[in-house]
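To start, the structure under review is shown below, and the notes come after it.
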Amino acid sequence: MQEKQIVIHYGELSTKGRNRKMFQTRLADQIRHKTSKIEKVKVVPQHDFMYVKWQLMTYEDMVAILKDIPGISRFEPVYEVSKEMGEIEAEALRLFEEIGPKDGESFRIVAKRQDKSFPLKTYDIQRQVGAVVGQAFPVMNVNLKHPDYTLTVQIGVKDQAFLSLQSYQGLQGMPYGSSGKGLLMLSGGFDSPIAGYLMMKRGMELEAVHFASPPYTSPQALEKAKKLTAKLAHYGLPLKLHVVPFTKTQEAIKEHIHDNESMTVMRRIMLRIMDQLLIRQKANAIVNGESLGQVASQTIDSMRVINAVTNSPILRPLIATDKNDIINLAQTIDTYTISNEPYEDCCTVFAPSSPHTKPKEATIEELEDRLDIDSLVSEALAQVETFVIDEDYIQAQAAEFQTLL
Ligand code: ATP
Ligand code: MG
């Protein structure tokens, strides 16, 4: 069977000097992981680009996989034929037929000769292939400066020539796992999955943390967090989801802290737990979906008081993003329908009617003395439940559920 191949261009990654090897390894790992169920693909890194070579999958399937892998700026399918002009011309026609050029569009041919003994010079190859294409597709004209399509013909050193016509946009960003590890605070809302997606696209490995307060929060709310985690795993590798039991803390807050300040105290306890998890999971940062001014806990005054309990970096990729743009992204990465499910998470269930937008740190500290925070934190930590989640996990779970019916 003939080998298929795609050339992958890295974009920003190619500026990374000494780290380049690590970046390439991460990218290669992900490509291998995403294709591993079907076949063993070959990944061949070069200086500024890499080849993926394989046999079984269709080009379309491989394109669909590569489109969702961070760290790829663009990629081009490359088609191999034997090094004869007849074959090259036939393949050129087939490729143009596949895209079906429209009236008024333009093209150019770019030839490259690695084999300097090839009888035709670069210019002659371009002219000859160009003439054949132009004749077959009179709707197109030639445009050497800004064509709609560029067909590249590379005359290889061995017996083959390589043609490529279509170029696809990648996700951009950096390879997953090339920029440290973060713990994503994942609620069931729209924001936090998008925050996670953006950090993953920037190369950060993630584990998700969900605070649950059963029986006040439903099993469906937890399911939601799992499904959102699976959507994120699509852009990286299988993700851990840590579920922190938060009922006892919520009840203690309800009993001892009055409504106006309860949100601030609750968030501060969440962060204290996150801090411990950071050490336990050897992660470098907390990631959340906060957006300035979105709700009372996300005013700058609130954030300062909440933030005061930790020295860990808190990354807020959505801090300056409008809700509309967040919703658009949720539609793009397909988390919208899941986030839109009605099941409420712990913050919504216990949400006070009029939370303070300008809490005072001293007041909050005084109120916190009414709680045994250390015990609440350590008890919650002792009962964290961890799942490893990807799209297969959700499918298997759904199948199991079906058999129970
Ligand atoms: P989202 O912000 O994801 O839409 P939300 O709007 O319900 O959810 P907010 O009240 O805006 O949540 O909370 C701000 C951030 O706090 C969330 O983006 C998320 O990172 C974190 N967070 C809130 N609730 C939880 C939870 N139950 N478990 C984990 N993290 C949470
Ligand atoms: Mg929010």
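If you're wondering where the values come from, they're calculated on a predicted model, not measured in any experiment. When a ligand or atom number is given, it counts from 1 through the structure's own listing order.
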Original post:
Centre of F387's six-membered ring, under 6.0 Å away, within 45 degrees of the axis: is that where NZ or CZ of K226 sits?
Top reply: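 K226 over F387 ring: yes.
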Would you indicate which of [options] comes nearest to [atom] when only heavy atoms are counted?
| atom | options | result |
| --- | --- | --- |
| atom 17 (C) of ligand 1 | G289, P193, S291, A195 | G289 |
| atom 29 (C) of ligand 1 | V209, V244, I314 | V209 |
| atom 20 (O) of ligand 1 | M263, M185, M270 | M185 |
| atom 13 (O) of ligand 1 | R316, E290, R267 | R267 |
| atom 12 (O) of ligand 1 | G196, A221, S187 | S187 |

Original post:
Okay, side chain of S339, backbone of G189: is any donor-acceptor separation there less than 3.5 Å?
Top reply: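 Yes, because the side chain of S339 sits within donor-acceptor range (under 3.5 Å) of the backbone of G189.
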Subject >> Spatial distance of atom CZ (F190) from atom CG (L329) [nearest 0.5 Å] >> reply: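 Here the interatomic distance stands at 12.5 Å.
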Original post:
Counting heavy atoms only, which part of L186 comes closer than 4.0 Å to ligand 1: side chain, backbone, both or neither?
Top reply: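 Backbone only.
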Original post:
Are R304 and D301 ion-paired here, with the side-chain N under 4.0 Å from a carboxylate O?
Top reply: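 Salt bridge flag = no for D301 with R304.
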Original post:
Would you call D68 and K34 a salt bridge, using N to O less than 4.0 angstrom?
Top reply: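 Judged by the 4.0 Å cut-off on N to carboxylate O distance, D68 and K34 do not form a salt bridge.
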**OP:** Please list, chain by chain and in numerical order, all residues satisfying side chain to side chain donor-acceptor pair (under 3.5 Å) with K248, sequence neighbours excluded.
**Re:**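 Here the qualifying residues are E379.
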Subject >> Polar contact flag for N288 and ligand 1 (N/O pairs, less than 3.5 Å) >> reply: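 It does not: no N or O of N288 is found under 3.5 Å from an N or O of ligand 1.
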Original post:
Taking N or O atoms only and a 3.5 Å limit, does F211 qualify as a polar contact for ligand 1?
Top reply: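 For ligand 1, there is an N or O atom that lies under 3.5 Å from one belonging to F211.
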Subject >> Those atoms of ligand 1 less than 4.0 Å from some heavy atom in D191 >> reply: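 Within the 4.0 Å cut-off of D191, ligand 1 contributes 1 (P), 2 (O), 3 (O), 4 (O), 6 (O).
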Original post:
What atoms of ligand 1 come within less than 4.0 Å of a heavy atom belonging to Q294?
Top reply: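 In order of numbering, the contacting atoms are 6 (O), 11 (O).
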**OP:** Would you check if there is a donor-acceptor pair between the side chains of Q128 and E89 at a distance under 3.5 Å?
**Re:**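 Q128 and E89 do have a side-chain donor-acceptor pair below 3.5 Å.
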